[in-house]
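Please read all numbers here as calculations on a predicted model, not as lab measurements. Start at 1 with the first residue, then count along the sequence. Computation of the quantities below employed the complete heavy-atom set of this structure, encompassing side-chain atoms and omitting hydrogens, waters and symmetry-equivalent molecules.
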Amino acid sequence: MMPLQGKCILITGASRGIGRQTAITLASAGADLVLTARQTDSLQQVVHEISNSYGTRVLHFAYDITDESKTKETFRQIKKEFGRLDGLVNNAGILESRLLGMIDEHTMQTTMQVNLVASIRHIQYAARLMKPQRSGSIVNFSSIMGVHGNEGQVLYGASKAGIIGATRSAAKELAPYQIRVNAIAPGFINTDMTQSLSDEKYKERLNSIQMGRIGEPVDIANLVWFLCSDLSTYITGQIIGVDGGMII
Ligand code: NAI
């Protein structure tokens, strides 16, 4: 695989699951990282793991990604410490499965703010750093639910479909600056998010995967690696499924 030496990449939601594995995978390829999540202690564990194993530079910032001023401050620090940004991985997200009649106003606002609005805001700030460089790769997180929809996923599916619209439009807007914007649409991946499903739902999802196994975070992290590397410099505006042939 292509090395990522000399690249500085920001990953949101890096304390666990796909974000954590992505941090480890990108560090193993030599990238310097900026990791964010809500909890300082779990972020610090990831930072220690990376520093001990790979010795690349890692900064971490604990904040809620919906917090506008903390987001701005994080990008200010990136500019100060690294002077550049080569990749943004908009991974942080939440899943609230609710049938239409059960969606309350708070869940509606939170899901849209975390999954969609915060991602767009991070794209805005990242683009400001990347434009003068005339390079950069932004990787957003959609979902198979955002592409195909499913019962109980009106809200989550809408937020993840919104990511597709944002990805395609940002890709067009930023292409003249050689900044690429793509989205990953994972299927069913083995993380805390999917462990919270009921046994019945879990089995149902597993049975819908043609390859007969749940995906692992590294299956997604390897694609992030490729999209952040110089192997993918002509790929933009794409929504790439990683789902083992899942049918919903
Ligand atoms: P997870 O629940 O294991 O981890 C989510 C991460 O996001 C955590 O680090 C958490 O701290 C962070 N986060 C959540 N809300 C936040 C907030 N308000 N501010 C800051 N950080 C916040 O989730 P997982 O499974 O690793 O998912 C990662 C991404 O992949 C999400 O965008 C999710 O929607 C997407 N995805 C996951 C699938 C799966 O099967 N696990 C399937 C399709 C998409």
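- Looking at residues two or more places apart in sequence or on another chain, you find a salt bridge (Lys or Arg N to Asp or Glu O under 4.0 Å) between D192 and R16.
- If you take CG on L33 and CD1 on I11, they are separated by 5.0 Å, rounding to the nearest 0.5 Å.
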Quiz item: Do R205 and I214 pass the side chain to side chain contact (heavy atoms under 4.5 Å, CB included) test, and can you show the C-alpha distance, the side-chain angles, and the key distance before you say yes or no?
Solution: CA-CA 9 Å; R205 294 268 159 83; I214 191 167; over 6 Å; no
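- Within the 4.5 Å cutoff, no side-chain heavy atoms of R76 are placed close to those of K79.
- Y63 pairs by the ring pair (Phe, Tyr, Trp, His ring centres under 6.0 Å) definition with nothing, not counting sequence neighbours.
- Residues Y54 and I24 form a side-chain contact, since some pair of their non-hydrogen atoms from C-beta on lies under 4.5 Å apart.
- Partners of S42 by side-chain contact (heavy atoms from CB on, under 4.5 Å), not counting sequence neighbours, listed by chain and number: S15, Q39.
- What you find for S142 and K160 is that their closest heavy atoms are OG-O, 2.9 Å.
- For Q133 (side chain) and L85 (main-chain N/O), a donor-acceptor pair under 3.5 Å exists by modelled atom type.
- Side-chain heavy-atom separations under 4.5 angstrom define the hydrophobic clusters, and V218 shares its cluster with no other residue.
- Distance alone, capped at 3.5 Å, places no donor-acceptor pair between the T56 side chain and the G30 backbone.
- By the 6.0 Å contact criterion, CD on E173 is open, its count of non-hydrogen atoms from other residues, nucleotides or ligands being 12 or less.
- Each of I163 and V114 belongs to its own hydrophobic cluster when Ile, Leu, Val, Met, Phe, Trp and Tyr are linked at side-chain heavy-atom distances under 4.5 angstrom.
- In this view, R213 and E216, D219 satisfy the side-chain contact (heavy atoms from CB on, under 4.5 Å) rule, not counting sequence neighbours.
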Practice problem: Test I240 against L227 for side chain to side chain contact (heavy atoms under 4.5 Å, CB included), laying out the working first. | Solution: CA-CA 10 Å; I240 305 172; L227 290 174; 4.1 Å; yes
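- Clustering ILVMFWY residues whenever any of their side-chain heavy atoms sit less than 4.5 angstrom apart, transitively, puts V139 in the very cluster that holds I235.
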Exercise. Determine, stepwise, if the pair L59 / E81 fulfils side chain to side chain contact (heavy atoms under 4.5 Å, CB included).
Key: CA-CA 9 Å; L59 296 187; E81 296 292 330; 3.6 Å; yes
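- In the model, T233 has no side-chain atom that pairs as donor or acceptor with a side-chain atom of D230 under 3.5 Å.
- T12 places a side-chain N or O within donor-acceptor distance of the main-chain N or O of A92, the cut-off being under 3.5 Å.
- Under the 4.5 Å side-chain heavy-atom criterion for ILVMFWY residues, a single connected hydrophobic cluster contains both F226 and L4.
- Using a 4.5 Å cut-off on side-chain heavy atoms (C-beta onward), I50 and L35 make contact.
- Contact check for F141 versus N90: no side-chain heavy atoms found under the 4.5 Å cut-off.
- Listed here is the closest heavy atom pair of P186 and I220: CB-CD1, 3.7 Å.
- Interatomic distance, L10 CG to D32 CG, rounded to the nearest 0.5 Å: 13.0 Å.
- Looking at T36, its side chain never comes within 3.5 Å of a backbone N or O of F61 through a donor-acceptor pair.
- Rounding to the nearest 0.5 Å gives a distance of 7.0 Å between CD of Q44 and CG of D41.
- Applying the ring-ring contact (aromatic ring centres under 6.0 Å, His included) test to residues at least two apart or on different chains, the pairs with a partner in residues 68-99 are F75-H122, F75-Y125.
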Side-chain donor-acceptor pairs under 3.5 Å in residues 146-155, sequence neighbours left out?
{"from": "Q153", "atom 1": "NE2", "to": "S97", "atom 2": "OG", "distance (Å)": "3.2"}

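- To the nearest 0.5 Å, the span separating CG on D86 from OG on S137 amounts to 9.5 Å.
- Under the 4.5 Å side-chain criterion, counting only non-hydrogen atoms from C-beta, E96 is not in contact with I103.
- Here the side chains of Q178 and M130 are not in contact, with every heavy-atom distance at 4.5 Å or above.
- Hydrophobic clustering of Ile, Leu, Val, Met, Phe, Trp and Tyr side chains at less than 4.5 Å, counting indirect connections, unites M112 with L100.
- Residues I189 and P217 meet the side-chain proximity criterion, which asks for heavy atoms closer than 4.5 Å.
- Separating the CD1 atom in I248 from the CD1 atom in I209 is a distance of 11.0 Å, to the nearest 0.5 Å.
- Each of I179, I78, I138 was checked for a side-chain contact (heavy atoms from CB on, under 4.5 Å) with L88, and the lone residue meeting it is I138.
- Side chains of R180 and S232 form a contact here, defined as non-hydrogen atoms less than 4.5 Å apart.
- Using modelled atom types, one finds no donor on one side chain facing an acceptor on the other under 3.5 Å when comparing E49 with S53.
- With sequence neighbours excluded, no residue forms a salt bridge (Lys or Arg N to Asp or Glu O under 4.0 Å) with R38.
- T191 and G17 make their closest contact through CG2-CA, 3.8 Å (heavy atoms, listed as atom of the first residue, atom of the second, distance).
- For the salt bridge (Lys or Arg N to Asp or Glu O under 4.0 Å) test, residues two or more places apart in sequence or in another chain that qualify with D67 are K70.
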Practice problem: Would you sort out whether V34 and C8 count as a side chain to side chain contact (heavy atoms under 4.5 Å, CB included), showing the intermediate values? | Solution: CA-CA 7 Å; V34 180; C8 170; 4.1 Å; yes
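- The side-chain contact (heavy atoms from CB on, under 4.5 Å) search around Q109 returns E105, not counting sequence neighbours.
- Here the shortest heavy-atom pairing between C228 and V89 reads SG-CG2, 4.3 Å.
- Checked by atom type and distance alone, the side chain of N182 pairs as donor or acceptor with a backbone atom of Q238 at under 3.5 Å.
- Screening residues 150-196 for ring-ring contact (aromatic ring centres under 6.0 Å, His included) gives F188-Y202 as the qualifying pairs, with residues at least two apart or on separate chains.
- A search for side-chain contact (heavy atoms from CB on, under 4.5 Å) contacts involving E204 returns K201, not counting sequence neighbours.
- A donor-acceptor pair shorter than 3.5 Å can be found between the side chains of N140 and T167.
- Atom CG of residue L129 and atom CD of residue Q124 lie 12.5 Å apart, to the nearest 0.5 angstrom.
- Cluster membership check: I184 shares its hydrophobic cluster with L231, using side-chain heavy-atom separations under 4.5 Å among Ile, Leu, Val, Met, Phe, Trp and Tyr.
- Minimum heavy-atom separation, V46 to A14: CG2-O, 3.6 Å.
- Side chain of T25 to main chain of T22: no donor-acceptor pair is present (N/O by atom type, distance under 3.5 Å, no hydrogens or angles).
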